[in-house]
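Remarks on the structure that follows.
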Amino acid sequence: MYLLSSPLKARKLCRKRRTAMQNSNSAPNNSISQPEGFYIIGLSSMPYNNIYVMFLTVLYVITVICNVSLITIIFYDHRLHVPKFMAVGNLALVDLVLSTSLVPGMIKTYLVLDNFVPFKLCLVQLYFYFTFVSLESFSICILSYDRFVAICLPLRQESINTNTRMAYIVGALWFFSVVIIIYAIESFPNLSFCSSMINSYFCDYSPILLLACNDITYQWNIGTTLATLFIVVPLSFIFLTYMGILIAVFRMKNNQSRYKALATCTEHLTLVAIFYIPILIVFNFIFFEFNWNPNVGLVFLSLSSLIPPCVNPIIYSLKTKQIRDRIYSLLTHRLSVYPLKNAH
């Protein structure tokens with residue numbers, strides 16, 4: 001999501017490269033100069049960066065345990081095979097892959113001290129990260145649709161929001177994200193690179209583009225357009241659905257019904273805040289070109305990418321009665337099968 005490290009700087013760089021290519025008197029050369037791979041150098045100057053990555057590793061372990069547990073509970077409990085929990089399970093899967101696209105690479109770079117990433121593997125990481133960060137945004141959007149139907153159209157909920165329709169919506173957004181990110185990075189192998197040092201903690205879009213010797217206007221415009229699309233469109237949809245929800249809630253005559261309806265939205269609104277507020281803060285810093293320590297910026301970006309996948313399943317597990325009941329029944333069943341033996 002964080003495609004632009006400095007829009008003004010990037011535009012100047014694009015114009016400079018375009019002018020240099022147009023004014024070049026040398027014979028045309030269609031050869032492509034690509035490094036065998038890239039070196040990840042972001043956070044390398046930060047003190048105790050290994051301790052920070054160890055913290056992210058612990059966060060990742062919690063993320064894997066919580067999301068796998070949530071997916072397993074939803075998969076095996078047939079009472080949870082409803083549209084809402086299809087959307088929750090989809091979010092858990094997206095969270096799992098999103099965090100996996102980052103943390104193992106950071107462990108290799110900062111703990112194993114091997115910061116070299118082969119060229120093709122770098123493009124694979126770039127693809128997976130941006131595919132699933134876009135799916136994260138869309139998955140939160142799907143949950144707002146589910147809340148809108150449940151609160152604004154309660155009598156028609158079962159006919160409108162069916163399992164089949166939810167599966168179509170999830171599948172369509174997966175297909176869109178998978179295809180559109182391929183389109184965004186398919187031109188990268190055609191670029192020539194003047195350096196192989198990526199100033200980030202992973203194979204990020206804009207740091208790689210800034211290493212290219214070619215005119216990168218095309219790639220930059222695609223990246224900017226998609227970043228805007230993945231933020232503005234879902235946020236606008238979420239805003240409109242909650243406007244409809246608030247209108248429906250204020251039309252309710254019973255205060256208890258109002259409270260109950262709003263209470264069902266708390267976990268989703270928490271997810272929205274955790275995911276989008278850091279992105280909006282970063283975009284404001286970038287747009288107004290505030291000067292900040294590069295290490296602070298990278299730490300902030302890494303946390304905003306890895307905290308939501310860890311927190312999301314915990315929020316839904318604690319705030320959703322059906323999942324709490326299922327966890328409780330599993331624990332009590334386990335204790336009844338394996339009772340504690342009294343020491344004699």
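These figures come from a predicted structure and were not determined experimentally.
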Apart from [X] itself, what residues make up its hydrophobic cluster when side-chain heavy atoms of I, L, V, M, F, W and Y under 4.5 Å apart count as a link, directly or indirectly?
X      : value
Val296 : none
Ile51  : Tyr48
Val61  : Ile65

Report all side-chain donor-acceptor pairs from residues 146-160 shorter than 3.5 Å, counting only partners two or more places apart or in another chain.
| residue | atom | partner | partner atom | Å |
| --- | --- | --- | --- | --- |
| Asp146 | OD1 | Asn161 | ND2 | 2.9 |
| Arg147 | NH1 | Thr264 | OG1 | 3.4 |
| Ser159 | OG | Arg156 | O | 2.9 |

State whether the side chain of [X] and the backbone N or O of [Y] hold a donor-acceptor pair below 3.5 Å, judged by distance alone.
X      : Y      : result
Asn67  : Pro309 : yes
Asn221 : Thr217 : yes
Asp77  : Ile73  : no
Tyr52  : Val299 : yes

- Query: Excluding sequence neighbours, so at least two apart, what forms salt bridge (charged side-chain N to carboxylate O under 4.0 Å, His left out) with Lys108?
  - Reply: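 With neighbours one apart ignored, the set is Asp114.
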- Message: Taking ring-ring contact (aromatic ring centres under 6.0 Å, His included) as the cut-off, I'd like each qualifying pair that reaches into residues 62-87, sequence neighbours left out, listed once.
- Response: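 The answer is His78-His81.
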Test of understanding: with side chain to side chain contact (heavy atoms under 4.5 Å, CB included), list the residues that count as partners of [X], not counting sequence neighbours.
X      : value
Met54  : Leu111
Leu235 : Ile231, Tyr276, Leu280
Ser187 : Tyr218, Gln219
Ser177 : Thr131, Ser134, Leu135, Phe138

- Could you tell me whether the side chain of Ile181 reaches within less than 4.5 Å of the side chain of Phe230, counting heavy atoms only?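 Yes. Closest side-chain heavy atoms under 4.5 Å.
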- With sequence neighbours left out, which residue pairs that include part of residues 162-205 fulfil the disulfide bond (SG atoms under 2.5 Å apart) condition?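 Every disulfide bond (SG atoms under 2.5 Å apart) pair that includes a residue of residues 162-205, provided the two are not neighbours, is Cys122-Cys203, Cys194-Cys213.
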Counting only pairs under 3.5 Å, give me each side-chain donor-acceptor contact of residues 39-47, with atom names and distances, residues two or more places apart or in other chains.
| residue | atom | partner | partner atom | Å |
| --- | --- | --- | --- | --- |
| Ser44 | OG | Ile41 | O | 2.6 |
| Ser45 | OG | Asn295 | ND2 | 3.2 |

